[in-house]
Amino acid sequence: MRYWLMKSEPDDCSIDDLARRPGSTVPWYGVRNYQARNLMRDQMQVGDAVFFYHSSCPQPGIAGIARVSSPAYPDATQFDPASPYHDPKSTPEAPRWLNVDVQFVRKTPLVPLAELRSHTELANMRVLARANRLSITPVDPAEWRFITRELMGLDNDGI
DNA sequence: GCCAACGTTGGC
DNA sequence: GCCAACGTTGGC
């Protein structure tokens, strides 16, 4: 099992929005970056653990835990002309963009970005790398353990 | 609203 | 294949 951090703008879908959805599940649509797409396609597996991160908001940080609940499949929004994520160059025969489904596990105390940055144990976290723009980044098991145990006070990796 | 940094596009 | 211009991300 792998660990991930996935960014979502809470105005669009917050951890509370995820918890309220049918089946507590949301398709992680709208990824339009090849690196992030390839991570979903090639590396993610059902059951992988996810930090749900709130970005572009007053209090950026990790707001909860989720799990990957489907393999990658074509992102429906790429074919929808009314969607902001519409991609006219993509076709159902050769879909360019994929998404996985993500399921709610728990809400956690918010771990602000500034706090993540303050811990030497997390100095190499991908999401903290200078000018990181990937909306999906891998998390090392040791980083996951540190955050869930020491910063959130959770046992069993919080999952 | 600003701006740094990066990915993508498209002309050549 | 190079690279300038442009668009986007996302913290502050």
Side-chain angles (χ1 to χ4, degrees), chain A residues 2-21 25-44 48-68 72-140 142-144 146-148 150-152 158:
Chain A
R2 291 188 164 105
Y3 301 94
W4 305 95
L5 182 146
M6 299 172 81
K7 294 181 181 177
S8 181
E9 301 190 13
D11 284 351
D12 188 27
C13 180
S14 70
I15 187 73
D16 291 324
D17 294 332
L18 177 63
R20 280 194 294 263
R21 285 186 58 94
T25 298
V26 71
W28 205 263
Y29 60 83
V31 170
R32 295 295 180 268
N33 170 285
Y34 289 104
Q35 251 184 291
R37 179 203 67 181
N38 294 348
L39 287 174
M40 288 195 285
R41 186 188 62 193
D42 304 332
Q43 312 269 330
M44 273 191 183
D48 283 0
V50 176
F51 281 141
F52 193 103
Y53 180 95
H54 286 174
S55 70
S56 293
C57 61
Q59 293 237 5
I62 299 171
I65 294 174
R67 74 165 69 86
V68 175
Y73 60 95
D75 177 341
T77 62
Q78 70 195 305
F79 308 124
D80 176 4
S83 168
Y85 300 113
H86 180 232
D87 183 349
K89 292 181 186 166
S90 186
T91 64
E93 295 71 32
R96 182 178 294 194
W97 304 112
L98 307 173
N99 64 250
V100 297
D101 289 345
V102 166
Q103 184 173 36
F104 178 81
V105 173
R106 66 169 75 234
K107 195 173 172 177
T108 65
L110 184 85
V111 181
L113 176 62
E115 170 157 21
L116 294 174
R117 287 197 192 284
S118 75
H119 293 284
T120 55
E121 291 89 342
L122 305 176
N124 295 321
M125 255 191 112
R126 273 291 290 283
V127 73
L128 303 182
R130 192 158 162 270
N132 169 67
R133 293 175 63 210
L134 264 191
S135 60
I136 298 175
T137 50
V139 175
D140 286 346
E143 295 166 344
W144 183 280
F146 179 80
I147 292 169
T148 52
E150 308 300 327
L151 305 186
M152 296 172 171

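In what follows, every chain begins at residue 1, and chains take the letters A, B, ... in the order their sequences are listed.
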Checking A:Asp80 side chain against A:Thr77 main chain: does a donor-acceptor pair fall under 3.5 Å?
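Here the side-chain-to-backbone pair does not exist.
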Return the set of residues passing side chain to side chain contact (heavy atoms under 4.5 Å, CB included) with A:Glu121 (not counting sequence neighbours), or none when no residue passes.
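Listed in chain order: A:His119, A:Phe146.
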Residue list, side chain to side chain contact (heavy atoms under 4.5 Å, CB included) with A:Thr137, at least two apart or on another chain
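If we apply the side chain to side chain contact (heavy atoms under 4.5 Å, CB included) test to A:Thr137, skipping adjacent residues, the hits are A:Leu5, A:Arg126, A:Val127, A:Asn132, A:Leu134.
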Output the rounded distance in Å from [atom1] ([X]) to [atom2] ([N]).
X	N	atom1	atom2	value
A:Met6	C:dG10	CE	C1'	17 Å
A:Ile62	C:dG11	CD1	P	12 Å
A:Arg126	C:dG10	CZ	C1'	17 Å
A:Tyr53	C:dG10	OH	C1'	8 Å
A:Glu9	C:dG11	CD	P	9 Å
A:His54	C:dG10	NE2	C1'	15 Å
A:Leu116	C:dG10	CG	P	15 Å

All N/O pairs under 3.5 Å across the protein-nucleotides 3-8 of chain B interface:
residue: B:dA5; atom: OP1; partner: A:Arg130; partner atom: NH2; Å: 2.1
residue: B:dC6; atom: O2; partner: A:Arg133; partner atom: NH1; Å: 2.2

Going by salt bridge (Lys or Arg N to Asp or Glu O under 4.0 Å), name the residues that satisfy it together with A:Asp16, two or more places apart in sequence or in a different chain.
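By the salt bridge (Lys or Arg N to Asp or Glu O under 4.0 Å) rule, A:Asp16 matches A:Lys107.
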Under the rule for salt bridge (Lys or Arg N to Asp or Glu O under 4.0 Å), what residues qualify as partners of A:Asp87, not counting sequence neighbours?
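Checked A:Asp87 against salt bridge (Lys or Arg N to Asp or Glu O under 4.0 Å); matches are A:Arg96.
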Is A:Lys7 close enough to C:dG10 that one of its side-chain N or O atoms is under 4.0 Å from OP1 or OP2 there?
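A:Lys7 to C:dG10 OP1/OP2: side-chain N or O found under 4.0 Å.
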The criterion is side-chain hydrogen bond (donor to acceptor under 3.5 Å, both in side chains); which residues satisfy it with A:Gln78, sequence neighbours excluded?
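In terms of side-chain hydrogen bond (donor to acceptor under 3.5 Å, both in side chains), with neighbours along the sequence ignored, A:Gln78 is linked to A:Ser90.
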